[in-house]
Amino acid sequence: MSAFVFSDQIRALEQSALARCDPAFARIDQTAEANTRKVLDAFHRHRISETFFAGSTGYGLGDRGRDALDALFADVFGGEAALVRVGLVSGTHAIAAALFGALSPGQTLLYVTGLPYDTLHGVIGLTGNHHGSMKHYGMGYAQINPARDGGPDYDAIRAAAAKSDVGVVAIQRSRGYSTRRSLTILEIEQICQIVRTVNPTVPIFVDNCYGEFVETQEPLDMGADLIAGSLIKNPGGGLAPCGGYIVGRADLVQAAASRMTAPGIGGDYGATLGHSRLLYQGLFMAPHTVAQALKTAVFAAAVMESLGFYADPAPEAIRSDIIQMIQFGNPEALTRFCQGIQQGAPVDAYVTPEPGDMPGYDCPVIMAAGAFIQGASIELSADGPLREPYAAYLQGGLTFESGKLGVLCAAQRMLEGG
């Protein structure tokens with residue numbers, strides 16, 4: 001029997017949600033067109049050719065396709081240089097390489113958007129006693145918590161960034177597993193301007209995960225020095241099988257490359273192993289694919305609000321990342337929602353996710369992710385830690401049509417569970 005046989009109540013809910021989504025969908029389409037034009041212009045400037053798709057093995061020396069892809073990413077995201085590698089195993093790996101490259105022992109990493117994403121806690125040394133963490137190497141850590149409205153606390157940022165031991169000012173664009181809202185590109189610009197007035201030379205880093213192509217400008221356009229993220233999120237367009245990227249000021253990218261491989265080797269080594277075509281094609285598809293994910297998120301917000309749950313952002317809100325937070329208030333509702341999302345997936349739809357322990361997290365986490373690429377957040381997924389306020393973080397959707405069906409499966413499952 002099909003999983004997509006819905007009750008009359010769910011069908012009525014679908015129609016009312018779609019009508020509410022129309023204005024947001026129109027904005028999303030305009031942004032996708034502008035970003036597609038930007039990406040295509042970059043492809044043309046760099047004279048991308050089929051010859052660049054041939055992969056390399058071994059050391060990867062002389063891989064013209066890899067070097068052209070670096071230049072393409074730098075152009076699209078507004079940087080002097082880029083490092084795009086399948087050997088960056090996750091967004092956390094890319095962020096860690098970028099931060100370690102920019103910091104020196106004795107300096108302090110200043111996060112101005114509150115506590116960073118859970119998987120960075122071990123990198124910094126906030127949890128565990130990991131050999132090779134920033135704490136292990138004598139690097140300090142400080143943070144500025146968000147203001148009451150969930151946005152940046154500009155006065156506190158100004159005071160903290162002026163301190164002489166600050167080696168990097170870091171911004172997390174997306175909310176991660178927190179209830180604060182994601183930052184708009186204009187808020188990132190304002191943070192950069194404030195930091196520049198009190199500490200003109202300090203590098204400004206932005207964790208760009210989940211935010212690429214959501215707006216028509218990127219953090220480097222707004223004054224940041226360095227960005228990093230995962231290729232199995234937005235910029236891989238659902239086609240990149242693995243990898244990460246770092247883009248920004250040339251000296252900082254080179255320092256990150258030396259951290260990723262070894263000093264003296266940097267970004268000169270790194271075989272592409274036949275993945276180049278998928279990375280190029282994924283970047284080409286990314287603006288459209290991100291638009292599909294955004295439409296799925298807007299629709300989910302409209303449906304869940306109609307069922308009485310708190311959704312942030314609201315369906316009408318201007319968005320700055322692809323993540324949709326939905327607060328359920330209890331672990332049972334959170335679990336049923338994620339199980340419904342899994343039921344609507346193309347892969348492993350027969351699996352029923354249950355909460356469990358995950359490396360890098362301090363509590364059980366439930367994850368629904370029936371994806372073609374393991375852990376690909378640009379594909380429809382939902383996950384959340386089993387802690388107050390029992391919120392699910394929905395992201396992705398390679399097509400809106402499939403994303404909508406997944407959301408309706410979740411709504412149906414929740415209604416059946418009372």
Side-chain angles (χ1 to χ4, degrees), residues 34-91 93-94 97-98 101 208-209 212-213 217-221 224-262 264-290 373 378:
N35 283 328
T36 297
R37 187 183 305 116
K38 176 170 66 174
V39 170
L40 271 175
D41 281 341
F43 269 72
H44 296 169
R45 278 192 295 272
H46 293 275
R47 301 174 66 87
I48 300 305
S49 163
E50 187 178 359
T51 60
F52 293 163
F53 303 159
S56 57
T57 59
Y59 297 133
L61 291 170
D63 189 327
R64 293 174 61 244
R66 182 198 65 202
D67 295 342
L69 185 63
D70 285 349
L72 187 64
F73 262 73
D75 191 346
V76 168
F77 288 102
E80 296 175 351
L83 185 73
V84 186
R85 295 293 182 275
V86 294
L88 289 167
V89 301
S90 66
H93 186 192
N208 208 28
C209 286
E212 301 93 344
F213 301 118
Q217 293 174 295
E218 298 291 337
L220 296 175
D221 300 320
D225 297 296
L226 195 64
I227 61 174
S230 168
L231 295 183
I232 62 171
K233 295 184 176 70
N234 302 20
L239 292 175
C242 57
Y245 75 92
I246 301 167
V247 183
R249 226 172 65 192
D251 61 322
L252 295 174
V253 172
Q254 180 57 39
S258 295
R259 171 69 189 195
M260 182 192 73
T261 58
I265 293 178
D268 293 331
Y269 284 27
T272 50
L273 303 173
H275 295 307
S276 294
R277 181 185 63 80
L278 292 174
L279 303 189
Y280 277 103
Q281 193 174 12
L283 179 62
F284 165 73
M285 290 292 298
H288 173 76
T289 307
V290 168
I373 295 167
I378 194 60

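The structure displayed is predicted, hence computed values, not measured ones. We count residues from 1, following the sequence as given.
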A.B. asks: Between Tyr280 and Gly65, is there a donor-acceptor pair closer than 3.5 Å when you use the side chain of the first and the backbone of the second?
C.D. replies: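 Yes; at least one donor-acceptor contact below 3.5 Å.
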A.B. asks: Taking Asp221 for the side chain and Glu218 for the main chain, is one N or O donor matched with an acceptor at less than 3.5 Å?
C.D. replies: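 Side chain of Asp221 to backbone of Glu218: a pair is present.
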A.B. asks: Do side-chain atoms of Tyr245 reach the backbone of Leu231 as a donor and acceptor pair under 3.5 angstrom?
C.D. replies: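 Such a contact is absent between Tyr245 side chain and Leu231 backbone.
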A.B. asks: Within a radius of less than 6.0 Å around CZ of Phe284, do more than 12 heavy atoms belonging to other residues, nucleotides or ligands occur?
C.D. replies: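 Atom CZ in Phe284 is not packed in, count stays at 12 or less.
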A.B. asks: Quick one: salt bridge (charged side-chain N to carboxylate O under 4.0 Å, His left out) partners of Arg37, sequence neighbours excluded?
C.D. replies: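 Listed in chain order: Glu33.
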A.B. asks: Test: side chain to side chain donor-acceptor pair (under 3.5 Å). Region: residues 76-91. Which pairs qualify, not counting sequence neighbours?
C.D. replies: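 Output for this query lists Asp70-Arg85.
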A.B. asks: List in chain and number order the residues that pass side-chain contact (heavy atoms from CB on, under 4.5 Å) with Ala81, two or more places apart in sequence or in another chain; answer none if no residue qualifies.
C.D. replies: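 Testing Ala81 for side-chain contact (heavy atoms from CB on, under 4.5 Å), a comparison that skips the adjacent residues, returns Ala250, Val253.
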A.B. asks: What pairs with Phe43 under ring-ring contact (aromatic ring centres under 6.0 Å, His included), at least two apart in sequence or on another chain?
C.D. replies: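 Once residues adjacent in sequence are excluded, Phe43 has no partner under the ring-ring contact (aromatic ring centres under 6.0 Å, His included) criterion.
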A.B. asks: List the residues meeting ring-ring contact (aromatic ring centres under 6.0 Å, His included) with Phe213, not counting sequence neighbours, and say none if there are none.
C.D. replies: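 For Phe213 the ring-ring contact (aromatic ring centres under 6.0 Å, His included) partners, ignoring immediate neighbours, are Phe77.
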A.B. asks: Looking at residues at least two apart in the chain, or sitting in another chain, which of them share a side chain to side chain donor-acceptor pair (under 3.5 Å) with Arg259?
C.D. replies: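 If we apply the side chain to side chain donor-acceptor pair (under 3.5 Å) test to Arg259, skipping adjacent residues, there are no hits.
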A.B. asks: I'd like to check the side chain to side chain donor-acceptor pair (under 3.5 Å) partners of Thr51; sequence neighbours left out, ordered by chain and number.
C.D. replies: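 With neighbours one apart ignored, the set is Ser49.
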A.B. asks: Which residues pass the side-chain contact (heavy atoms from CB on, under 4.5 Å) test with Thr289, not counting sequence neighbours?
C.D. replies: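 Applying side-chain contact (heavy atoms from CB on, under 4.5 Å) to Thr289 gives Met285, Ile378, Leu398.
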A.B. asks: Mind checking what makes ring-ring contact (aromatic ring centres under 6.0 Å, His included) contact with Phe52, not counting sequence neighbours?
C.D. replies: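 Scan of Phe52 (ring-ring contact (aromatic ring centres under 6.0 Å, His included), adjacent residues dropped) gives none.
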A.B. asks: Any donor and acceptor pair, going by atom type alone, linking the side chain of Arg66 with main-chain N or O of Asp268 inside 3.5 Å?
C.D. replies: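 Here the side-chain-to-backbone pair exists.
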A.B. asks: List the residues meeting salt bridge (charged side-chain N to carboxylate O under 4.0 Å, His left out) with Arg45, not counting sequence neighbours, and say none if there are none.
C.D. replies: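 Testing Arg45 for salt bridge (charged side-chain N to carboxylate O under 4.0 Å, His left out), a comparison that skips the adjacent residues, returns Asp75.
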A.B. asks: Please enumerate all residues that pass side chain to side chain donor-acceptor pair (under 3.5 Å) together with Ser56, with sequence neighbours excluded.
C.D. replies: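 Residues passing side chain to side chain donor-acceptor pair (under 3.5 Å) with Ser56: Asp63, Thr272.
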A.B. asks: Please list all pairs meeting salt bridge (charged side-chain N to carboxylate O under 4.0 Å, His left out) that have one or both residues in residues 225-235, counting only residues at least two apart or in different chains.
C.D. replies: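 Sorted pair list: Arg196-Asp225, Asp225-Arg249.
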